Number of protein chains: 2
Amino acid sequence: MSITSDLIRGHTETIILAQLYNHDSYGYEINKEIQQRTKGKYELKEATLYSAFRRLEKAGLIDSYWGDENTGARRRYYKITESGKSNYHRLIKEWNSAKEMIDSLIKVEGV
Amino acid sequence: MSITSDLIRGHTETIILAQLYNHDSYGYEINKEIQQRTKGKYELKEATLYSAFRRLEKAGLIDSYWGDENTGARRRYYKITESGKSNYHRLIKEWNSAKEMIDSLIKVEGV
DNA sequence: CCAATATACCTCGCCTGTCAAGGTATTATT
DNA sequence: AATAATACCTTGACAGGCGAGGTATATTGG
């Protein structure tokens, strides 16, 4: 297990929803953006990414459609739904309170 | 899955090490302290707690010994090792950088 | 006195998210 | 012609969390 994988676990869907919040995107691009945003410190593994897409689509938080590029490899674009947006906000709130809770639980006085 | 379970995943060991950092303790007490610290918002499930103890002991981060109470149910006390302490510090550092990374990845500009 | 509750430990087996490994297809570069 | 980059996908294993079940002792309310 890499350093951060278990700490990131559970955030994959939020990360994807965040990427899709402003504009539709596709798997390969989303992952590149994540790598850029973290300066290479983190990337989603493909299997993780695609299984997250399946879950999110099944849950109605994203929709997908094939791009109409007439050159290059085909792309499956994903679009966040209204439900996806409200879930995103919920996830952010959960993260903020979880963050506080974890901080309080792992802190040792005077260390 | 409860609200926080997947967000807490991966912090169980750090939480336990933090509890043991200042004084030896035992499973039941550790869990009570966690519930108090979080005002009942969180508790470790027993199966989670004990499997974490097994992992931590196997990894040499904690030692255990039976308490010598001559009344009440027997208690198995756990003690953090030197290796456990240094690992605790490493985990805290990892958490701090993971926290920053997650924050930057799930933020949407202007939302 | 005895039933219920609290204290305190433990294991088994399932579930879920991650990921290594493997695959396909197209286009650009060397 | 070979390699790399783009772009998609599935399968099966693994690990941590946890529901469900179990054991034993002490206390407390009715």
Side-chain angles (χ1 to χ4, degrees), chain A residues 1-17 19 24-36 42-59 61-62 64-78 91 98 102 105, chain B residues 1-17 19 24-36 42-59 61-62 64-78 91 98 102 105:
Chain A
M1 186 194 344
S2 83
I3 289 183
T4 44
S5 75
D6 239 27
L7 298 183
I8 296 290
R9 191 193 175 98
H11 296 286
T12 305
E13 300 182 8
T14 315
I15 291 169
I16 292 172
L17 289 176
Q19 292 288 332
D24 297 4
S25 188
Y26 54 97
Y28 197 82
E29 187 182 52
I30 287 172
N31 217 7
K32 286 281 165 230
E33 282 175 10
I34 288 169
Q35 286 173 48
Q36 280 164 21
Y42 188 62
E43 60 166 344
L44 287 173
K45 300 304 177 302
E46 290 199 352
T48 304
L49 185 66
Y50 289 111
S51 70
F53 282 146
R54 301 292 158 269
R55 285 198 304 277
L56 286 166
E57 188 157 22
K58 201 173 174 187
L61 306 193
I62 61 174
S64 72
Y65 57 92
W66 286 102
D68 59 355
E69 301 76 34
N70 43 22
T71 179
R74 81 224 149 115
R75 298 170 177 167
R76 186 197 282 275
Y77 281 87
Y78 294 95
L91 289 166
I102 293 166
L105 282 175
Chain B
M1 184 198 339
S2 83
I3 289 184
T4 43
S5 74
D6 238 28
L7 299 183
I8 296 290
R9 192 196 173 97
H11 296 285
T12 305
E13 299 182 8
T14 316
I15 292 169
I16 293 171
L17 290 176
Q19 292 288 331
D24 297 5
S25 188
Y26 55 96
Y28 197 83
E29 186 181 55
I30 288 173
N31 217 7
K32 286 282 165 230
E33 282 175 10
I34 289 169
Q35 286 173 49
Q36 281 164 19
Y42 188 63
E43 60 167 343
L44 287 173
K45 300 304 176 302
E46 290 199 351
T48 304
L49 184 67
Y50 290 110
S51 70
F53 282 145
R54 301 291 158 269
R55 285 197 303 277
L56 286 165
E57 189 158 22
K58 200 172 174 187
L61 306 193
I62 60 176
S64 72
Y65 57 93
W66 287 102
D68 59 356
E69 302 76 35
N70 44 21
T71 179
R74 82 223 148 119
R75 297 172 179 167
R76 186 197 282 277
Y77 282 87
Y78 294 95
L91 289 167
I102 292 166
L105 282 175

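The structure displayed is predicted, hence computed values, not measured ones.
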- [ ] Would you classify B/Arg75 as touching base, sugar-phosphate or nothing, given that sugar-phosphate means primed atoms plus P, OP1 and OP2, and contacts are heavy atoms under 4.0 Å?
- [x] sugar-phosphate

Tightest non-hydrogen contact, residues A/Arg76 and A/Tyr26, listed as O-CB, 3.2 Å

From the candidates C/dT18, D/dT6, C/dA8, the one with an atom nearest any side-chain atom of B/Tyr28 is C/dA8

Exercise. Are OP1 or OP2 of C/dC15 and a side-chain N or O of A/Arg55 less than 4.0 angstrom apart?
Worked result: no

Between A/Thr48 and A/Arg74, whichever has its closest DNA chain C nucleotide further toward 5' is A/Thr48

- [ ] Just call it for B/Ser51: base, sugar-phosphate, or nothing, with non-hydrogen atoms closer than 4.0 Å on any strand.
- [x] nothing

Practice problem: Output yes when at least one side-chain N/O atom of B/Tyr26 is less than 4.0 Å from OP1 or OP2 of C/dA8, else no. | Solution: yes

In whole angstroms, the gap separating P of D/dG17 from CD1 of B/Ile8 amounts to 10 Å

Side-chain contact check for A/Glu46: nearest option of C/dA25, C/dC12, D/dC9 is D/dC9

Does the side chain of A/Trp66 come within less than 4.5 Å of A/Arg74's, by heavy atoms?
-> yes

In whole angstroms, the gap separating P of D/dC18 from CG of B/Leu49 amounts to 11 Å

How would you label the contact of B/Arg76 with the nucleic acid (heavy atoms, under 4.0 Å): base, sugar-phosphate, or nothing? sugar-phosphate

Between OH of B/Tyr50 and P of D/dG22 the distance, given in whole Å, is 18 Å

Per atom distances to the B/Arg54 side chain, the nearest of C/dC10, D/dC8, C/dC19 is C/dC10

So do the side chains of B/Glu57 and B/Tyr78 get within less than 4.5 Å of each other, counting heavy atoms only?
yes

A/His11 NE2 to C/dC19 P, in whole Å, measures 13 Å

A/Ile15 CD1 to C/dG17 P, in whole Å, measures 15 Å

Which of D/dT10, D/dG17, C/dA6 is nearest the side chain of A/Ala47? It is D/dT10

Determine, stepwise, if the pair B/His11 / A/Leu7 fulfils side-chain contact (heavy atoms from CB on, under 4.5 Å). CA-CA 7 Å; B/His11 296 285; A/Leu7 298 183; 3.4 Å; yes

Between CZ of A/Arg9 and P of C/dC19 the distance, given in whole Å, is 9 Å

B/Lys45 atom NZ is separated from C/dT16 atom P, nearest whole Å, by 16 Å

When rounded to whole Å, the CG to C1' distance for the pair B/Asn31 and C/dA6 reads 14 Å

Residues A/Thr14 and A/Gly10: closest non-hydrogen pair is OG1-O, 4.3 Å

